[in-house]
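To keep things clear, I will list the structure first and then write my remarks on it.
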2 protein chains.
Amino acid sequence: MNIGQAAEASGVSAKMIRYYEQSGLIPRAERTASGYREYSEPDIHMLRFVRRARDLGFSVAEISELLGLWQDQSRHSAEVKRIARGHIDDLHRRIRDLQEMANTLTTLADSCHGDDRPECPILERLETGDLIAAIKPRGGVGRAAR
Amino acid sequence: MNIGQAAEASGVSAKMIRYYEQSGLIPRAERTASGYREYSEPDIHMLRFVRRARDLGFSVAEISELLGLWQDQSRHSAEVKRIARGHIDDLHRRIRDLQEMANTLTTLADSCHGDDRPECPILERLETGDLIAAIKPRGGVGRAAR
DNA sequence: CGTTGACCTTCCAACGATGGGAAGGCCTAC
DNA sequence: GTAGGCCTTCCCATCGTTGGAAGGTCAACG
């Protein structure tokens, strides 16, 4: 199976398949005499595993761990669960940060008339820094969320 | 005021101040005879505005719009509100995507024994693709969230 | 006046995951 | 044999941010 067909079958773009191979997440694919990558059913299986883990927001580093455990018949499920829990915590942190931003900004927007006058509490608060509540005074809420 | 002091006073790192200047978000700073950037109170004011907008998760492009309106005495608050609402919608989309991931993964993790046996529903579901619910079948949930 | 250390300057690179595109080779159907 | 659709590698861009190297400047201290 060509890389294009593998991409189609797995839902991972050909670009990303090459990238995953190059970065060591997945093993080097077999090659035909002319240099084309060749994929078999187990390969597609693995690619789908990777895509589903990506859909759950796992980083490539985490997926690398998960793939290792997936292929390790003597794994302990506790290890898998630990990785999952860590990722869930990460997701919750990001959700909380975004929610704080949304809450603050919603309060600001609600207090803005939104008409053709220039007065605007949103700009005023951004200017004075009196961001009502819940905004951490320093330390990268905006950064952590990106 | 030097860039270091401006960074201290505004909460924007010197690195980022240079980057913002270079990318056109903020105007070119005054320079001393020896080439050092010089910042005055209004400059610090603007930098603080930028930092607060970043803390609320606005992109640099959005901040550019907001800065323009901030300095435009004939602005319409409706325009500011429109940008804010757009960003709030974006935040909610990202929150929803992350929440879906967290929900699915929590369900999976809850069903995993987490002991020293290899059996693990998390890996099984990643393998089979039967991700219980709420996971969009395709189309970059994982991508959109990053 | 000289040295030292803390600052500043510009330039280049990296992160993480992904897409775009160019230049060139291969394969298949007609 | 040729067209056009694949494939290959390589480089670039994104976005916001940080790190570092190489070199200039400034203030304080002896």
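Here is how names work: the chains are called A, B, and so on, in the same order as the sequence lines, proteins then strands, and each is numbered from 1. Since the structure is predicted, the reported quantities are computational estimates derived from the model, not experimental observations. The basis for the numbers below is simple: all heavy atoms, side chains too, and nothing from hydrogens, waters or symmetry mates.
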Within the structure, does a side-chain N or O atom of [X] lie under 4.0 Å from either OP1 or OP2 of [N]?
X	N	answer
B:Arg31	C:dC8	no
B:Arg51	D:dT17	no
B:Ser34	D:dC26	yes
A:Tyr20	C:dA17	no
A:Arg54	C:dT18	yes

A:Leu25-A:Phe49 co-clustered via ILVMFWY side chain contacts under 4.5 Å: yes
Starting from [atom2] on [N], measure out to [atom1] on [X] and report it in whole angstrom.
X	N	atom1	atom2	value
B:Gln5	D:dT25	CD	P	19 Å
A:Ile63	C:dT18	CD1	C1'	13 Å
A:Asn2	D:dG4	CG	P	20 Å
B:Gln22	D:dT17	CD	C1'	14 Å
A:Glu21	D:dT8	CD	C1'	12 Å
A:Tyr19	C:dG21	OH	C1'	19 Å
A:Ile26	C:dA17	CD1	P	14 Å
B:Glu8	C:dA6	CD	P	16 Å

Neighbour count above 12 (heavy atom, 6.0 Å) for B:Glu30 CD: no
NE2/B:His92: more than 12 non-hydrogen atoms of other groups inside 6.0 Å: yes
Partners meeting salt bridge (Lys or Arg N to Asp or Glu O under 4.0 Å) with A:Arg75 (sequence neighbours left out):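 Once residues adjacent in sequence are excluded, A:Arg75 has no partner under the salt bridge (Lys or Arg N to Asp or Glu O under 4.0 Å) criterion.
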Estimated bend of the helix from C:dC1-D:dG30 to C:dC30-D:dG1 (axis per five terminal pairs, rounded to 10 degrees):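 Answer for the end axes of this duplex: 30°.
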Sugar-phosphate only, base, or nothing, as touched by B:Arg37 at under 4.0 Å among non-hydrogen atoms: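 If one applies the 4.0 Å heavy-atom cut-off, B:Arg37 turns out to touch the sugar-phosphate alone, with no base involved.
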Sugar-phosphate, base or nothing in reach of B:Ser13, heavy atoms under 4.0 Å: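 Sugar-phosphate only.
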Nearest-nucleotide comparison on DNA chain C, the residue closer to the 5′ end among A:Tyr36 and A:Met16: A:Met16
Minimum-distance nucleotide to A:Lys15 side chain [options: D:dC10, D:dG16, C:dA17]: D:dC10
Distance-only polar pair, side chains of A:Glu119 and A:His113, donor-acceptor under 3.5 Å: no
Distance-only side-chain donor-acceptor flag, A:Ser40 / A:Asp43, under 3.5 Å: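 Yes, a side-chain donor-acceptor pair sits under 3.5 Å.
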Residues A:Glu21, A:Arg31; criterion salt bridge (Lys or Arg N to Asp or Glu O under 4.0 Å); working and verdict: CA-CA 13 Å; A:Glu21 175 181 320; A:Arg31 301 287 184 134; 3.5 Å; yes
